[in-house]
Amino acid sequence: MQIKLNIVVGAVAALVSGAAMSQDLVVKIGHVGPTSGAIAHLGKDNELGARLAIEELNAKGVTIGGKKAKFELLAEDDAGDPKQGTAAAQKLVDSKVNGVIGHLNSGTSIPASKVYSDAGIPQISPSATNPKFTRNGYKTTFRVVADDVHLGGTLGKYSVTTLKGKSIAVIDDRTAYGQGVADEFEKGVKAAGGKVVGREFTNDKATDFTAILTSLKGKKPDVVFFGGMDAVAGPMLRQMKQLGIEAKFMGGDGICSGELPKLAAGTMGDGQVVCAEAGGVEGEAKKSMEDFKTKFKGKFNVEVQIYAPYVYDAVNVMVAAMVKAGSAEPAKYLPVLAKTSGYKGVTGTIAFDDKGDIKNGALTLYTYKGGAREQIAVVR
């Protein structure tokens, strides 16, 4: 009899436990970035930002619509390739994710945005800056950084008014990001009364720039702007040094990483490089960013490269919308996400406009001294 009773008690306990477990709400968050290839260090940085946010949310015991949420990260590698990006996006859609953070590059984020839009799944990019990303009319598309119109234009103006550039050369890598930011830089130079003496292009896999740099050397540039990523900018800086081109070197957020001095192999002069990162913190917000960087280093034993804090904020903004909506279903929390305003993140205050762009997006200008990145100023 006792044995039967034990079996019954055990069965009831199992039923109760199963019922409790079924009350947990599983929320799948997708993340896509280039975790292989030349800029894998940036893709991994982004992914770790997502992992940190997910771990903290699970530790907090967040409830959505009265149910305890269990967050799962579904991470995909797009290798910075548009075709692989859309394939990764479709894989996440098929996995029925509740939302997506990514992609890192504009060239992958833009085609992937249609896949997410067709499925009605919200997408927040932490780092895609090409203006086209939010110009397709998709209600599911958001970003937490300023775009290239702002970034490129600000750098173009800075090259003329502050760096006193008289003859400015422009190179881009022909990606959606690189060409886009270079175009906006050129417009900014001209608007400030500056002169562009040459425009050249390469690609995002190139390692030899002798021909284009030799061509530009004859035009005696005092500023060279490169639209592209740090993996290409580093070797370009080395070859500029070899050719005796002593111009200031400028670029957008793609080159503005902790890895750049290493990639340039010690050829960067102090103050030679000026770059801008979309985003930036001032005043009291500086402490939250420094605290984040300390926590990130303690957790993963690596320094923040560029965008991990923006990924971290993007995950938390998305989940905050789910909590407020009382649902993790995309159709239910999407309208709440779109109305995000006054969210205090580690990267600053987040609010979206009607296109899904961040309102009043900041830019941070940096240079490098002694192989370390130094902040010049935050501009809006």
Side-chain angles (χ1 to χ4, degrees), residues 38-42 45 127 151-152 154-156 158-160 162-173 175 177-178 181-182 185 189 197-198 200-217 219-280 293 302-307 363-379:
I39 54 168
H41 56 291
L42 301 181
D45 182 56
S127 46
L151 192 145
T154 299
L155 285 170
Y158 191 88
S159 71
V160 177
T162 305
L163 298 182
K164 308 298 180 194
K166 299 278 188 283
S167 54
I168 297 164
V170 180
I171 306 168
D172 74 75
D173 69 356
T175 63
Y177 163 69
V181 75
F185 173 83
V189 168
V197 295
E200 298 284 346
F201 65 89
T202 179
N203 66 69
D204 60 349
K205 310 279 190 302
T207 54
D208 182 8
F209 315 101
T210 311
I212 58 174
L213 290 174
T214 302
S215 168
L216 290 175
K217 185 182 178 182
K219 293 164 183 171
K220 298 185 169 58
D222 46 19
V223 175
V224 173
F225 178 88
F226 173 58
M229 306 301 284
D230 61 357
V232 174
M236 192 178 286
L237 277 160
R238 294 203 300 267
Q239 287 165 41
M240 280 174 62
K241 177 94 169 172
Q242 287 160 7
L243 289 167
I245 300 171
E246 293 180 2
K248 290 277 188 185
F249 189 81
M250 298 186 78
D253 43 356
I255 78 161
C256 215
S257 70
E259 278 304 277
L260 184 65
K262 207 183 294 178
L263 292 161
T267 57
M268 284 162 54
D270 281 357
Q272 180 192 1
V273 174
V274 175
C275 57
E277 182 180 295
K293 287 179 176 176
V302 288
E303 302 287 351
V304 167
Q305 285 291 327
I306 306 180
Y307 286 116
L363 293 177
T364 307
L365 295 172
Y366 290 96
T367 189
Y368 293 82
K369 289 181 182 172
R373 198 171 73 152
E374 272 190 20
Q375 185 172 312
I376 301 171
V378 174
V379 293

Below 3.5 Å, can you tabulate the donor-acceptor pairs from side chains in residues 221-238 to any protein atom, sequence neighbours excluded?
unit_1 : atom_1 : unit_2 : atom_2 : d
D222   : OD1    : K166   : N      : 3.2
D222   : OD1    : S167   : N      : 3.1
D222   : OD2    : K166   : N      : 2.8
D230   : OD1    : H41    : NE2    : 3.3
D230   : OD2    : H41    : NE2    : 2.8
D230   : OD2    : S257   : OG     : 2.5
R238   : NH1    : L263   : O      : 2.4

Query raised in the report: Please walk me through it: do F249 and I255 pass side chain to side chain contact (heavy atoms under 4.5 Å, CB included)?
Result: CA-CA 10 Å; F249 189 81; I255 78 161; 3.9 Å; yes
Requested in this report: Report the C-alpha distance between M250 and L163 in whole Å, list the side-chain angles of each, state the deciding distance to 0.1 Å, and finish with yes or no for side chain to side chain contact (heavy atoms under 4.5 Å, CB included).
Outcome: CA-CA 10 Å; M250 298 186 78; L163 298 182; 3.6 Å; yes
Query raised in the report: Hey, mind stepping through Y177 and D253 against side chain to side chain contact (heavy atoms under 4.5 Å, CB included) and telling me if it holds?
Result: CA-CA 10 Å; Y177 163 69; D253 43 356; 2.6 Å; yes
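Listed here is the closest heavy atom pair of P261 and G371: CG-O, 3.4 Å. Of all the heavy atoms in F201 and I212, the pair that sits closest is O-CG2, 4.1 Å.
In terms of modelled atom types and a separation under 3.5 Å, the side chain of D172 and the main chain of A182 share no donor-acceptor contact. Using a distance-only test at 3.5 Å, with no hydrogens or angles considered, a donor-acceptor pair links the side chain of K248 to the main chain of G271.
Under the 4.5 Å side-chain criterion, counting only non-hydrogen atoms from C-beta, D173 is not in contact with N203. For the pair I171 and L216, the minimum side-chain heavy-atom distance is below 4.5 Å. Two residues are said to be in side-chain contact when any heavy atoms from C-beta on lie closer than 4.5 Å; E259 and Q305 meet this criterion. Proximity of S159 to V189: side-chain heavy atoms (C-beta onward) are separated by under 4.5 Å at one or more points. By the 4.5 Å heavy-atom criterion applied to side chains, Y307 and L42 are not counted as neighbours.
Here CD1 of I376 is found 7.5 Å from SG of C275. Values are rounded to the nearest 0.5 Å. Within the model, atoms CG of D204 and CD1 of I39 stand 8.0 Å from one another, a figure rounded to the nearest 0.5 Å. Rounding to the nearest 0.5 Å places CG of L363 at 7.5 Å from CG of L155. Interatomic distance, L365 CG to E374 CD, rounded to the nearest 0.5 Å: 13.5 Å. Distance check: L213 CG to F209 CZ gives 8.0 Å after rounding to the nearest 0.5 Å. A distance of 4.5 Å separates CG of L260 from CE of M268, quoted to the nearest 0.5 Å.
Summarising the local packing, NZ of K220 is surrounded by 12 or fewer heavy atoms from other residues, nucleotides or ligands at distances under 6.0 Å. By the neighbour-count criterion of 12 heavy atoms within 6.0 Å, atom CD of E246 is sparsely surrounded, having that number or fewer from other residues, nucleotides or ligands.
For D45, there are no salt bridge (charged side-chain N to carboxylate O under 4.0 Å, His left out) partners at least two apart in sequence or on another chain.
Using a cutoff of 4.0 Å between basic side-chain nitrogens and carboxylate oxygens, E277 and R373 are scored as salt-bridged.
Side-chain contact of S215 with E200: a donor-acceptor pair under 3.5 Å is present, judged by distance alone.
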